[in-house]
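This report concerns only the one structure given below.
Below, all heavy atoms of this structure are taken into account, side chains as well, without hydrogens, waters or symmetry copies.
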Amino acid sequence: MARTRIVYVPDIGDFKDVEVIDIVVAPGDTVRPEDPLITLESDKASIDIPAPLDGTVVKLLLSKGDKISRGAAILELDIDAAGAPPGKDTGASATAPSHPDTQPLRSAPEPMADGDIRCDLLVLGSGPGGYTAAFRAADLGLDVVMVERYPQIGGVCLNVGCIPSKALLHAAQVIDEAKDFARHGIHFGTPRIDLPALAAYKDGVVGKLTGGLRHLAGQRKVRVVQGVGRFTSPHTLTVAAEGDEQRIRFEQAIIAVGSRPVHLPGLPWEDPRVMDSTGALTLEDIPDRLLVVGGGIIGLEMACVYDALGSKVTVCELSRDLMPGADRDLVKPLEKRLKDRYENIFTGTRVARAQAVDEGIRVWFEGGKAPEQDTFDRVLVAVGRLPNGGQIDAGAAGIQVDQHGFIKVDRQMRTNVEHIFAVGDVVGGPMLAHKATHEAKVAAEAAAGKKSHFDARAIPSVAYTHPEVAWMGLTETKAKAEGIEYTKAVFPWAASGRALSVGGEAGLTKLLLDDQQRIIGAGIVGPNAGELIAEALLALEMGADVEDLGLTVHPHPTLSETLGFAAEVAHGSITDILPPRRR
C-alpha cells in the first residue's frame, strides 16, 4: 500500500497571497529533496518552493496563477515510490509546515573491503571549491579527506592563477602610476626590474595563503593526501604518487578538480617560448616582443603585466572585439588605453600556425588587419580553459561526464550518483573561483544533511586590467540579442572628483533596470571596478530598486558615489550632471 504525504507551502516570511507563476513538476515526476516544485512571485523577488523529501508526484493541488500563502497544499507525494525505508516517517515536514524539517534520504553505501584510508567525505581537489567544501564539511562534523595532485594545496587559483597574477598586476599598476604622474609634476626614474626579486614577492604572497590553508586544514583535522586521484568504484578512489598508491574508501564525495588551459593545435608547444597562463607567471624573462593569443580576461591581464615590465605587446583575438561577453561601452576605455600602449591589437584574427626558429616564434595569421606572418620572442596562449571531468575515471563511479568534460549537477551540486557532488569549473557556468566557493558550501552542507541549494541570481565578472572592467547580471549585449526590455542609466566618471584625482576620468558606471525600476544588471569600468561591483550585486540579490540605491548615502568623495549617481540619473534627481531628458 502506497504511503502518501501532502506537501504544503512552508514559512515564506511575511508574504501572503503570492502568485504561482510556474509549476515545475507534473504527476508521475520523481523528486528529491530541494528539487523545485513551484515558483512564486512577490513584489520583490521570485521564490522557489523545494521538495522536502524523496517521492513521486501523485496529484497537483493548485494551478498556475493561484494566489497562495503559508500552509497552502501544493501536491500529493508518494514516498514509497522513492524507496523510503519502511517504518521511517520521512514526511514530517510535508504533513504540515509547522513540523520540523527532515533530512534528505540517501542510498545505503555498498558493502566493500576497507581502503587504506576511510572517511565520511572525500574531496577531490584543493582549489577554492575543494578547500571550501572540505573545511565547511569538517565544521559540520564530517570526517574529511582532501586529495590534491600538487605539493601545495590551493589549486590553480592560489598557485598559478588568480593570486599570483593579481600580485603581478599590482606591481604593474605601480609602474604605470609612477610613469603617469610625470604629467602631474612628479618624475621617477626608469624602473629597474629585478625579476628574481619580483618573482619572490609573487611567490611570497602565494606561500602565505597556501601555508595558511594547510594550517586551517590541520586545525579542522582535514587529512590532506597528495597524488593523482581516480575513481575505482562509487565508493573508492585510488591516489597515485611517486610510484605509491593508496586506496580511499568514502561514504560521500565532492569533485572539485577544476580546469586546465586550452592548448591550441598547430603551435610548437615543445618550445618553452610558447607559454600558457601558468608558464607566463614564472617570469623567466621579459621578452622584447610578446604575442598574446586571446583577448579575453586572462590574456589582457597578462598583457598588462608584460607591457608594464617593458615588453612590446601584440594581442590577437579571434572575435571582432576584445573581451567578448562584456558590453562594448565598458571595454572601450580599456581598449583606447591599450591601443596607445601596445604594438598591435588584431581582432577578427586567428593564428593559423607557428614555427620555432632561432630568432623566435614565427606566427602566421589569418583575417583582420594582421600581416601574413611575424616573429615574436615569446607567445602566450590564453584562449580558454577545459574542465578536468574526463581525467578522473568518473565512469568507474557511475558519474556521467559529457564529451567536453563537464559534470551535470542539480541545485544541491549533486551528480547523477546520489552521494557524489561536483563544484566549480567542472560543472560548467562561469569558470570563476567565487562561484566555486559558493557551490562548495552548498555541496558540503547537502552532504551533511542540510537543506542547502545554489541560488545565486548573478555571478560577477571582473577583469583586473588597467583600468578594471566589471559587470554582473544582465548585460546590454545579451538583452539586445534576446529581445529583453530594459532601461539604462549611466554616470560618466569625468563628473566624479574622486575619479579625476586618481586618473579614472575615462570610467563610467552603468545600471540596467526592469520595468519596475529594479536593478537587473550593472557594469563599471575604472580603478577598483572589481570592488565597486559588489554593491550593485547586493542590490540585485535583495531585489532593490533604483530609488533604494539612490537614497543610500554614499561617502564623499569616493568612487562608490558613482553607483548612487547612476541611480539618481535613472530617478531623474541627479545634480552632478544634467538630468536626462524625459521622453
Heavy-atom count around [X] [atom1] within 6.0 Å, excluding the residue itself: above 12?
{"X": "R320", "atom1": "CZ", "result": "no"}
{"X": "E270", "atom1": "CD", "result": "yes"}
{"X": "Y342", "atom1": "OH", "result": "yes"}
{"X": "K332", "atom1": "NZ", "result": "no"}

Using modelled atom types only, decide if a donor and an acceptor are shared between the side chain of [X] and the backbone of [Y] within a distance under 3.5 Å.
{"X": "H434", "Y": "P460", "result": "yes"}
{"X": "D22", "Y": "T39", "result": "no"}
{"X": "E468", "Y": "G530", "result": "yes"}
{"X": "D276", "Y": "T278", "result": "yes"}
{"X": "S277", "Y": "A382", "result": "no"}
{"X": "S496", "Y": "A494", "result": "no"}
{"X": "E317", "Y": "S319", "result": "yes"}
{"X": "D410", "Y": "M413", "result": "yes"}
{"X": "S311", "Y": "P287", "result": "yes"}
{"X": "R411", "Y": "D455", "result": "no"}

Can you tell if the side chain of [X] reaches within under 4.5 Å of the side chain of [Y], non-hydrogen atoms only?
{"X": "L563", "Y": "I524", "result": "yes"}
{"X": "N159", "Y": "P164", "result": "no"}
{"X": "I519", "Y": "D545", "result": "no"}
{"X": "I254", "Y": "L124", "result": "no"}
{"X": "K408", "Y": "V427", "result": "no"}
{"X": "V569", "Y": "I577", "result": "yes"}
{"X": "F491", "Y": "I574", "result": "yes"}
{"X": "I407", "Y": "D402", "result": "no"}

To the nearest 0.5 Å, what is the distance between [atom1] on [X] and [atom2] on [Y]?
{"X": "E535", "Y": "T552", "atom1": "CD", "atom2": "OG1", "result": "6.5 Å"}
{"X": "D307", "Y": "L300", "atom1": "CG", "atom2": "CG", "result": "11.5 Å"}
{"X": "L264", "Y": "L318", "atom1": "CG", "atom2": "CG", "result": "9.5 Å"}
{"X": "E335", "Y": "T465", "atom1": "CD", "atom2": "OG1", "result": "11.5 Å"}
{"X": "E547", "Y": "R518", "atom1": "CD", "atom2": "CZ", "result": "14.5 Å"}
{"X": "L291", "Y": "M275", "atom1": "CG", "atom2": "CE", "result": "9.5 Å"}

May I ask you to say whether [X] pairs ionically with [Y], meaning some side-chain N is under 4.0 Å from a carboxylate O?
{"X": "D377", "Y": "R273", "result": "no"}
{"X": "D327", "Y": "K510", "result": "yes"}
{"X": "E561", "Y": "R498", "result": "no"}

Summary of ring pair (Phe, Tyr, Trp, His ring centres under 6.0 Å) pairs that have at least one residue in [range], sequence neighbours excluded:
{"range": "residues 302-338", "answer": "none"}
{"range": "residues 493-543", "answer": "none"}
{"range": "residues 156-195", "answer": "F181-H184"}
{"range": "residues 350-379", "answer": "F346-F365"}

Using salt bridge (charged side-chain N to carboxylate O under 4.0 Å, His left out) as the criterion, list what pairs up with [X], not counting sequence neighbours.
{"X": "R378", "answer": "E284, D285"}
{"X": "K369", "answer": "none"}
{"X": "E505", "answer": "none"}
{"X": "K208", "answer": "none"}

With [X], which residues qualify under side-chain contact (heavy atoms from CB on, under 4.5 Å), at least two apart?
{"X": "R260", "answer": "L386, N388, Q391"}
{"X": "T132", "answer": "T437, A440, K441"}
{"X": "T487", "answer": "L513, Q517"}

- request: Can you tell me which residue pairs pass the salt bridge (Lys or Arg N to Asp or Glu O under 4.0 Å) test with a partner in residues 347-363, sequence neighbours excluded?
  value: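 For residues 347-363: R350-E366, E359-R362.
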task: Check the side chains of Y131 and E148 for a donor-acceptor pair under 3.5 angstrom, ignoring hydrogens and angles.
output: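 No, no side-chain donor-acceptor contact under 3.5 Å.
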- request: Report yes or no: do S560 and T558 form a side-chain donor-acceptor pair below 3.5 Å?
  value: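 Checked: S560/T558 side chains pair up, N/O donor to acceptor below 3.5 Å.
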- request: Under the salt bridge (charged side-chain N to carboxylate O under 4.0 Å, His left out) rule, what do K166 and E301 come out as? Steps first, then yes or no, please.
  value: CA-CA 9 Å; K166 301 314 169 282; E301 287 182 351; 3.4 Å; yes
- prompt: side-chain contact (heavy atoms from CB on, under 4.5 Å) with L168: which of L198, V205, L309?
  reply: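 Passing option: L198.
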